[in-house]
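Per chain, numbering begins at 1; letters A, B, ... match sequence-line order.
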Number of protein chains: 4
Amino acid sequence: MRRNKPKYKQIIEAAVVVIAENGYHQSQISKIARQAGVADGTIYLYFKNKEDVLISVFKEKMAMFVQKINEVIAGKETAAEKLLVMIESHFKILSADKKLAIVTQLELRQSNKDLRFKINEVLKEYLSVLESILEYGRERGELKADLDIRLARQMIFGTMDETATTWVLNEHKYDLVALAPKVHSLILNGCMSKNANS
Amino acid sequence: MRRNKPKYKQIIEAAVVVIAENGYHQSQISKIARQAGVADGTIYLYFKNKEDVLISVFKEKMAMFVQKINEVIAGKETAAEKLLVMIESHFKILSADKKLAIVTQLELRQSNKDLRFKINEVLKEYLSVLESILEYGRERGELKADLDIRLARQMIFGTMDETATTWVLNEHKYDLVALAPKVHSLILNGCMSKNANS
Amino acid sequence: MRRNKPKYKQIIEAAVVVIAENGYHQSQISKIARQAGVADGTIYLYFKNKEDVLISVFKEKMAMFVQKINEVIAGKETAAEKLLVMIESHFKILSADKKLAIVTQLELRQSNKDLRFKINEVLKEYLSVLESILEYGRERGELKADLDIRLARQMIFGTMDETATTWVLNEHKYDLVALAPKVHSLILNGCMSKNANS
Amino acid sequence: MRRNKPKYKQIIEAAVVVIAENGYHQSQISKIARQAGVADGTIYLYFKNKEDVLISVFKEKMAMFVQKINEVIAGKETAAEKLLVMIESHFKILSADKKLAIVTQLELRQSNKDLRFKINEVLKEYLSVLESILEYGRERGELKADLDIRLARQMIFGTMDETATTWVLNEHKYDLVALAPKVHSLILNGCMSKNANS
DNA sequence: AATGAATGAGCGTTCATTCAT
DNA sequence: AATGAATGAACGCTCATTCAT
């Protein structure tokens, strides 16, 4: 089980640091190796190639996302509460590790189509957690009976993602986590005034 | 004004075609030159460097977006209607030019941080049109009085963008424009059931 | 016609010098470029890749061999005379360009199977000239009526090649051309004593 | 004496198999170790370096050649007979072990100049057996009194070698051993017709 | 004796940019 | 203005060898 070898994690963490500090296209294997304190060749004992390092960074971090989200939503009764803690957790994880935020929101998106296709595969697990909350809410009558789950998922993920990216582009200069309730409210209730007739 | 010279437009259009057909990383200056019917060196008479070509592609196309959106929203009275036609137009432009959709949703995002920073600058004009609609709606009492404009803008743009990207990743196999009313409804009213007490 | 561009020949000649002086495995593109007085990238304007440079060295030189041989054998009446001048010319060309001798007899043989397969293709033209002399001699009654042409060709080429290689391995310390008549006699008459009954 | 240790032979045999199956440039130490059932490092307990493994392969196999040839020529009276059985044995050994044939005729020749220089040293023993047959024949009056022994040896070895290589390049699709008498006749009597006046 | 994880030097090729014509 | 031949920096990956255990 390669994931338990200390060097595996060591290289993953080094990759996050190097990519955040240098950008995707300036993250040569030699830099990652130096940061990890190993020889270039050692990376190839744990990873198939450079792409495998990058996809593994994403897999490991996304697995952490999914695990964390699953933990916090389990403790909540309603879909609305589950969504709130999901958004909060998502923002908390990025706020707690700003280098990770740079990597996931900006740098990894510069990868080529192949890598981004693989990243999308990994993302699916996360999106399916989100979809299961939506289905749960729809069944309970909390959410609209005719809610298009996929579209709603795209709205919610799109909103969280855009919010997080804007925050990173603004160099983290405001509190991302504090936005969670407002984002949550927008998603559940929309923009429209209560007394407007649509 | 370089933009009025015929070769300027010629090179821009050639770049869109080449990027859509070959992908960002396979779009060498020599390919763009060949597609445009000029010599490699000629490109450097109209553009500072390769990045300038790409940012110009984005600027030109985004200007078209802004112009089109301004046209359609001018003919609508309410903010809700303006938003609907904005979403529809956004989706229509991408549906009408699938190469452009590939370029904006997938390929240009592979560019490096510098280029994407500049693209974000260009995007601001588009986003400010969106913000002005939201302000208009808030003033008219259509939209929530306490609506956080910037956050709402992020939600709306994030949702449209994610919806469009998913559509491109699914190889345009369903009708993107047909989703506009549902996206519009989600944005205005949210996911929550009417009779739920939030 | 790339072969007439001066840089093409320039690079071929540089390759011969570099390979002879450094050996096949130490003949990096950068060394060949430096020797030719061009930039590394320039080589790729004239050759597809490194293998293409090496195979072209062989093709050009072998074409010279074939042309020279054809010239000298045309002036001779009998197959025996043709063979003699062929062997002499073969040895003369190698003697006149000792670097070329090192390259063809030692260095190019270290190439991988793919390259050597392609070299063999080029060699076929040379071997067919040899076979045509043998056929001519058989028809004229000079050579044995039941001579196995292919086997005789292998004997003659094998003998010339081994003789030349041994000479190169001995660092050209004796006169290769002077051996031609003896090689010719061995090939025509064999080793056996005239009065022996076999 | 390292050669008597079981792992020594084990590694040699593994090397022959690996080189024949993968080619010279794809025969990494790790592959040879795996085939031999030992660790990579173990090879360095028995061999100085990779070159030492390869030269040892050649030495061991060439020793077998020499021993076998010495056995068969001892049973023959005339030089002509000795030569015939030598050629036959040479071809038989290669026919019987096609992997060995690939290794000696094609793969080992891709090695660098140093290694091939050492291989030539080993070859000398084989060549000296051949020369002693020629000297024996000359003394007995069987072979020409003025025969240049070294040149004749080059002709004979070159012919056998070229014949064997051509056979390997033709993927062993004809019977190599069956060619021995014809090769023998060519070597002894040459190509020339009996009644020609040379 | 035996292991195998770790090392790190080495190189073919691409392509944005220049500049003499 | 337009050309396009020439430039040369930059990097992922392999694998023979070592050495702590």
Side-chain angles (χ1 to χ4, degrees), chain A residues 2 5-8 10-11 25-34 36-54, chain B residues 2 5-7 11 25-34 36-54, chain C residues 2 5-8 10-11 25-34 36-54, chain D residues 2 5-7 11 25-34 36-54:
Chain A
R2 71 174 193 181
K5 304 242 183 142
K7 299 229 163 130
Y8 177 83
Q10 203 173 320
I11 293 164
H25 290 293
Q26 280 308 306
S27 295
Q28 296 85 352
I29 281 289
S30 58
K31 266 190 196 147
I32 297 174
R34 202 180 318 126
V38 300
D40 292 18
T42 304
I43 290 185
Y44 292 86
L45 296 176
Y46 295 92
F47 299 90
K48 199 153 50 69
N49 50 31
K50 188 180 180 182
E51 184 180 87
D52 190 28
V53 176
L54 302 175
Chain B
R2 70 174 192 178
K5 306 242 181 140
K7 293 216 170 148
I11 292 164
H25 289 293
Q26 280 308 305
S27 295
Q28 296 84 355
I29 282 289
S30 59
K31 263 189 197 148
I32 296 174
R34 202 180 319 127
V38 301
D40 292 18
T42 304
I43 289 185
Y44 290 85
L45 298 174
Y46 294 91
F47 300 89
K48 198 153 53 70
N49 51 31
K50 187 180 182 182
E51 185 180 86
D52 191 26
V53 176
L54 301 174
Chain C
R2 71 174 194 181
K5 305 241 185 140
K7 297 229 163 131
Y8 178 83
Q10 204 172 319
I11 293 165
H25 291 293
Q26 280 308 304
S27 295
Q28 296 86 352
I29 282 289
S30 58
K31 264 187 198 151
I32 297 174
R34 202 181 317 129
V38 299
D40 291 18
T42 304
I43 290 185
Y44 291 87
L45 297 176
Y46 296 91
F47 301 90
K48 201 154 49 68
N49 50 33
K50 187 180 181 181
E51 184 180 86
D52 190 27
V53 176
L54 302 175
Chain D
R2 69 174 192 177
K5 306 242 180 141
K7 294 218 170 147
I11 292 164
H25 289 293
Q26 281 307 305
S27 295
Q28 296 84 356
I29 282 289
S30 58
K31 262 190 198 149
I32 296 174
R34 201 179 320 126
V38 302
D40 292 17
T42 305
I43 289 184
Y44 290 85
L45 298 174
Y46 294 91
F47 299 89
K48 198 154 55 67
N49 50 31
K50 188 180 180 181
E51 184 179 87
D52 190 26
V53 176
L54 300 175

Worksheet item: What integer distance in Å separates C:Gln26:CD from E:dA9:C1'?
Response: 12 Å

Practice prompt. By nearest nucleotide on DNA chain F, pick out whichever of C:Gly37 and A:Lys50 is the more 5' one.
Written response: C:Gly37

Worksheet item: Roughly how many Å is it from OH in C:Tyr44 to C1' in E:dA16, rounded to a whole number?
Response: 18 Å

Worksheet item: If every non-hydrogen atom of C:Lys50 is compared with every non-hydrogen atom of C:Gln28, which pair is closest and at what distance?
Response: NZ-CA, 4.3 Å

Worksheet item: NZ of B:Lys31 versus C1' of E:dT14: gap in Å, rounded?
Response: 12 Å

Practice prompt. Can you spot which of A:Leu54, A:Ile32, A:Ile11 makes a side chain to side chain contact (heavy atoms under 4.5 Å, CB included) with A:Phe47?
Written response: A:Ile11

Practice prompt. For A:His25 and E:dT14, give me the distance from atom NE2 to atom P, rounded to whole Å.
Written response: 19 Å

Worksheet entry | Residue met sooner reading DNA chain E from 5', once D:Val38 and A:Gly41 are mapped to nucleotides | D:Val38

Discussion item. Can you give me the closest heavy-atom contact between D:Lys31 and D:Gln26, atom names plus distance?
Written reply: NZ-O, 2.8 Å

Fill in: Residue mapping more 5' on DNA chain E - nearest nucleotide basis, C:Ser30 or A:Asp40
A:Asp40

Item to complete: Look at the side chain of A:Lys7 and the backbone N and O of A:Ala36, then say whether any donor-acceptor pair between them is shorter than 3.5 Å.
Response: no

Fill in: First-last contacting nucleotides on DNA chain F - partner chain C, under 4.0 angstrom, heavy atom
F:dA6 to F:dG8

Fill in: Upstream residue (5' side of DNA chain F) when A:Ile29 and D:Glu51 are each assigned their closest nucleotide
A:Ile29

Item to complete: Quick one: stems involving DNA chain E, counted as three or more successive Watson-Crick or G-U pairs, both distances short of 3.5 Å.
Response: E:2-21 with F:2-21

Item to complete: Write down the atom of D:Asp40, the atom of D:Ala33, and the distance for their closest heavy-atom approach.
Response: OD1-CB, 3.5 Å

Discussion item. Restricting to side chain to side chain contact (heavy atoms under 4.5 Å, CB included), what partner residues turn up for A:Glu51, sequence neighbours left out?
Written reply: A:Asn49, A:Asn112, A:Asp114, A:Leu115, A:Lys118

Worksheet item: If we only count heavy atoms from C-beta on, is the D:Ile29 to D:Tyr44 side-chain gap below 4.5 Å?
Response: yes

Item to complete: Could you check how far CD of B:Gln28 sits from C1' of E:dT13, rounded to whole Å?
Response: 13 Å

